[in-house]
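Just follow the structure's listing: the first ligand is 1, and inside any ligand the first atom is 1. Because only heavy atoms are used, hydrogens play no part in the values below, and waters and symmetry mates are left out as well, while side chains stay in.
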Amino acid sequence: MSILPASVVTPEPRPGSVLFARLSSSLAGCLIAALLGAAVFTPAANAADTPPNIVLIYADDLGYGDVSCNGATELATPNIDRIAKAGVRFTDAHCSAATCTPSRFALLTGQYAFRQKGTGILRGNANLIITPGSVTLPSLLQEAGYTTAVVGKWHLGLGEGKVDWNQVVQPGPNQIGFDYHFLIPATGDRVPCVYLEQGRVVDLDPADPIQVSYGERIDPSPSGAEARETLKQDWSHGHNQTIVNGISRIGWMTGGQAARWVDEDMADVITHKAVEFIDDHKEEPFFLFFSTHDIHVPRVPHSRFAGKSGMGPRGDAIVQLDWCVGQVLDRLQQLDLDDNTLVIFSSDNGPVLDDGYEDFANEKLGDHQPSGDLRAGKYSAFEGGTRVPMVLQWPAKVPAGQVSDALFGQVDLAATLAALAGVKVPDGACGDSRNELDTLLGEDATGRPHLVHEAGALSLRMGKWKFVPPQRTRDHLGPWQRISIDPPGALYDTEADRGEQNNLAAEHPEQLEKMRDLLQQLRRK
Ligand code: NG6
Ligand code: CA
């Protein structure tokens with residue numbers, strides 16, 4: 001497909017897209033307040049008078065140490081650092097899981113993913129795992145009058161039953177609170193390798209229908225295993241089925257030739273869509289979930305970023321990611337929206353080097369430390385699995401230049417942003433999500449008392465303590481070795497020992513037991 005998709009589908013104006021009209025249908029109480037002349041939004045005492053726009057930029061597989069504001073010296077991320085300088089940089093913020101799907105599930109539903117079966121890494125033809133019509137982060141913001149969009153990686157499943165990619169694919173984001181979507185349906189390394197806009201494959205030629213399979217081989221053309229010498233980037237593990245754009249993927253796909261993406265253009269395409277959404281909705285409160293492909297595999301940045309980091313494709317993808325962030329920040333400034341827009345930047349799990357393609361991420365790493373001083377990364381129960389970069393700015397409200405060591409969990413964004421927008425989370429919804437608005441705005445130095453960490457098995461943070469129950473887990477950034485944590489599990493003091501080197505289980509059995517019990521309780525909640 002062309003560099004920038006020609007078809008620009010703007011979301012249908014929702015009935016009552018005018019803020020007050022929407023509120024009147026959904027928030028009778030607030031309407032009365034409005035009639036009385038009070039501010040319609042009665043958010044937490046701390047919030048600004050007008051609800052801010054909210055832009056959540058969500059990187060993929062970006063480690064704590066992959067950004068220069070967290071100490072990286074071998075590459076620079078000036079735009080991500082710009083956010084940190086303008087607002088708050090968190091040193092102890094976590095996604096919910098050490099892989100993508102469960103982290104994103106928790107972020108959007110306010111519920112730990114381990115509570116629902118089938119929330120592990122999804123195939124590219126998996127069905128939607130969030131119940132249509134349920135209360136979600138975007139649906140709460142819709143309720144508050146925001147126009148909501150997700151642009152970029154999804155990986156939460158689509159449709160029900162056997163997905164027909166040649167029809168409108170639903171249920172999807174529109175059924176769980178997003179007015180608009182432009183998606184990479186699963187991941188860059190999984191078929192189907194096409195964009196989906198408002199449920200439709202972009203640039204699909206009906207004469208060349210798409211078929212997708214994760215079992216039976218349906219693609220007779222040479223696979224990545226068979227035509228290895230033709231590949232633009234070789235695979236190292238898995239990723240050897242259908243070839244798209246010279247790169248072989250997980251899964252089989254036929255048809256949709258005109259709709260297939262070009263990896264090198266992906267950052268441009270989705271950034272264009274993200275910025276376009278901002279342009280189209282500059283007059284109303286909006287929520288943009290901009291979910292980047294970078295720096296997930298396959299790492300194939302545009303030629304203008306190739307070679308820029310000196311660290312091979314993984315470093316170049318970080319440079320590209322930072323450019324995407326800069327584009328969004330620049331446009332907010334150009335439109336004079338930056339002052340009252342809350343921009344949050346974070347990642348869906350920790351870093352990985354070899355994640356299945358020969359992109360020399362290990363070989364070209366040099367002195368760079370993707371996890372900083374944390375232990376391990378993606379897939380791991382150690383802190384590197386979920387402690388990720390998180391920076392935010394909201395110039396109208398949040399003083400610049402803050403550093404927060406509070407424990408923060410992305411699972412709290414649903415309740416926290418709902419509080420910011422002035423809507424009540426219905427009883428029983430978003431059950432693991434706490435209103436941590438004061439933590440988010442840098443006003444509470446402690447944050448959450450405890451936080452579950454999912455990496456297949458569960459671990460637990462409680463204040464400075466980290467408990468890793470007996471399990472096998474990753475202790476490397478790829479490839480594939482695992483280590484065993486033996487009974488009764490490991491206990492670390494993450495304040496004195498950020499790198500989790502000293503197992504204190506024998507010295508503090510009572511602490512370990514307390515945390516084992518709490519984890520049991522939280523599991524059963
Ligand atoms: C793994 C893939 C990896 C990546 C991951 C999901 C192989 C060998 N590994 O199964 O490449 O796609 O799934 O990453 O196939 S995530 O960030 O979306 O969770
Ligand atoms: Ca990820």
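- By the salt bridge (Lys or Arg N to Asp or Glu O under 4.0 Å) test, E160 pairs with no residue at all, sequence neighbours left out.
- Figure legend: R228 and W235 shown as a cation-pi pair, the cationic atom lying under 6.0 angstrom from the six-membered ring centre and within 45 degrees of its axis.
- When side chains are defined from C-beta on, L62 does not count as touching T292, because their heavy atoms never get closer than 4.5 Å.
- Between D355 and R299 there is no salt bridge, since no side-chain nitrogen of the basic residue lies less than 4.0 Å from a carboxylate oxygen of the acidic one.
- Nearest to the Ca ion (ligand 2), among the N, O or S atoms that D348 has, is OD2.
- Here the rule is side-chain hydrogen bond (donor to acceptor under 3.5 Å, both in side chains) with R314, and of D359, D66, D294 only D66 fits it.
- The N, O or S atom of D60 lying closest to the Ca ion (ligand 2) is OD1.
- The minimum distance between the Ca ion (ligand 2) and any N, O or S atom of D61 involves atom OD1.
- Salt-bridge annotation for R461 and D92: present, with a side-chain N of the basic residue lying under 4.0 Å from a carboxylate O of the acidic one.
- Rounded to the nearest 0.5 angstrom, D60 CG and Y58 OH are separated by 9.0 Å.
- Backbone or side-chain N, O or S atoms of S103 do not reach the Ca ion (ligand 2) at under 3.0 Å.
- Note: Y357 and H239 have tilted aromatic rings, judged against thresholds of 30 and 60 degrees for the angle between ring planes.
- For a heavy-atom separation below 4.0 Å, the residues in contact with ligand 1 are D60, D61, T99, C100, I121, K153, H155, T187, D189, R190, H237, H239, I250, H296, V297, N349, D355, K378, Y379.
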